[in-house]
Amino acid sequence: MSLPTWYHAPECHAGIGYDVHVLTAERKLVLGGVTVPYDKGLKGHSDADVLVHAIMDAILGAAGLGDIGEHFPDKSRKYKGASSILLLKHVTGMAAKAGFTVVNVDVTLLAEAPKITPYKKQMVVNIAGALGIDGARVNVKATTNEGLGFVGAGQGMAAYATASLRKA
């Protein structure tokens, strides 16, 4: 019995990423590499871009390369205030060195506010640029927590991401 042609696709790997940050009045809000006007930002060692952090963890997981805490420790001065988009470029390079190319990413922001629809196109451009892929293979979306939990109370934001990688 022969296998269908679709079965002979290149080896693919999938990863899941999650990140969460507390909202604070002392920071600007950076999401997907875009500074979004809001009265609070996300607390963190780098620019605290929760969307990009989730994507980085998804890629690292798919490539079997650990997690962002291992590669970019929050105790290191080197990453204090760092651009998460630049860190994503570095993660993409790490995956490439391990023989992987990013096929696509999908990320969901959990936040009560602000609305990110006006900024999503630029987020996709920034993320796709860091990944070296077409923007059609990057999906950014958002949802609320319907007033439940720390997200619903406006105390923080979270993001989930998936990434598909192809082994060369």
Side-chain angles (χ1 to χ4, degrees), residues 13-63 65-76 79-92 95 102-131 133 135-165:
H13 296 250
I16 299 171
Y18 172 77
D19 196 42
V20 61
H21 286 276
V22 172
L23 281 163
T24 180
E26 290 83 41
R27 298 282 302 257
K28 63 184 177 179
L29 179 60
V30 178
L31 297 170
V34 176
T35 300
V36 176
Y38 193 56
D39 62 342
K40 297 177 186 172
L42 295 169
K43 185 177 178 181
H45 189 66
S46 66
D47 63 8
D49 189 331
V50 71
L51 284 177
V52 174
H53 292 184
I55 293 168
M56 290 181 351
D57 260 346
I59 291 168
L60 289 168
L65 296 173
D67 62 49
I68 62 173
E70 294 172 43
H71 298 285
F72 310 107
D74 63 5
K75 304 294 185 225
S76 172
Y79 304 112
K80 180 134 179 78
S83 162
S84 295
I85 289 292
L86 292 179
L87 298 178
L88 179 60
K89 284 183 184 180
H90 183 74
V91 165
T92 303
V102 177
V103 174
N104 77 303
V105 297
D106 184 28
V107 63
T108 302
L109 173 69
L110 287 75
E112 295 302 301
K115 299 293 184 194
I116 66 163
T117 301
Y119 312 100
K120 282 172 42 173
K121 285 183 183 173
Q122 187 59 51
M123 291 175 188
V124 167
V125 167
N126 295 346
I127 294 165
L131 297 173
I133 63 174
R137 295 191 281 152
V138 174
N139 191 47
V140 175
K141 53 195 181 294
T143 189
T144 68
N145 246 27
E146 300 293 330
L148 299 174
F150 72 91
V151 170
Q155 298 171 331
M157 294 181 180
Y160 289 96
T162 61
S164 298
L165 277 59

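Because the structure is predicted, anything quoted here is derived from the model rather than measured. Residue numbers run from 1 in the order of the sequence given.
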Look at the side chain of His45 and the backbone N and O of Ser76, then say whether any donor-acceptor pair between them is shorter than 3.5 Å. yes

From CA spacing to verdict: side chain to side chain contact (heavy atoms under 4.5 Å, CB included), Asn145, Glu112: CA-CA 7 Å; Asn145 246 27; Glu112 295 302 301; 3.4 Å; yes

If you take all heavy atoms of Tyr119 and Pro37, which pair is closest and at what distance? OH-CD, 3.3 Å

In short, Gly32 meets Val52 closest at the heavy-atom pair CA-CG2, 3.9 Å

Minimal non-hydrogen separation, Ala58 against Thr162, with atom names: CB-C, 4.0 Å

Leu42 pairs by side-chain contact (heavy atoms from CB on, under 4.5 Å) with which of Val30, Asp19, Leu31, Val20? Leu31

Ignoring hydrogens, what is the shortest heavy-atom contact between Pro114 and Met157? Give both atom names and the distance. CD-CE, 3.8 Å

Looking at Leu51, Leu109, Asp49, which hits side-chain contact (heavy atoms from CB on, under 4.5 Å) with Met123? Leu51

Rounded to the nearest 0.5 angstrom, the CG-CD1 distance for Asp74 and Ile68 is 9.5 Å

Could you tell me the separation between the CG atom of Leu110 and the CZ atom of Phe150, rounded to the nearest 0.5 Å? 7.5 Å

Tightest non-hydrogen contact, residues Ala159 and Val107, listed as CB-CG2, 4.3 Å

Is there side-chain contact between Asn126 and Gln122, with at least one heavy-atom pair below 4.5 Å? yes

Which atom pairs, donor and acceptor, lie under 3.5 Å between side-chain atoms of residues 83-91 and protein residues at least two apart or in another chain?
from, atom 1, to, atom 2, distance (Å)
Ser83, OG, Ile85, N, 3.3
Ser83, OG, Leu86, N, 3.3
Ser84, OG, Asp47, OD1, 2.4
Ser84, OG, His53, NE2, 2.8

So with a 6.0 Å cut-off around NZ of Lys141, is the heavy-atom count from everything else above 12? yes

Main-chain N/O of Asp67 paired to Asp57 side chain as donor or acceptor, under 3.5 Å: no

Answer yes or no: is there a side-chain heavy-atom contact under 4.5 Å between Val138 and Ile55? no

Got a donor-acceptor contact below 3.5 angstrom from the Arg27 side chain to the Lys43 backbone? no

What heavy-atom pair brings Ser46 and Ala82 nearest, and what distance separates the two atoms? CB-O, 3.4 Å

Rounded distance [0.5 Å steps], CG in Asn139 versus CD1 in Ile127: 10.0 Å

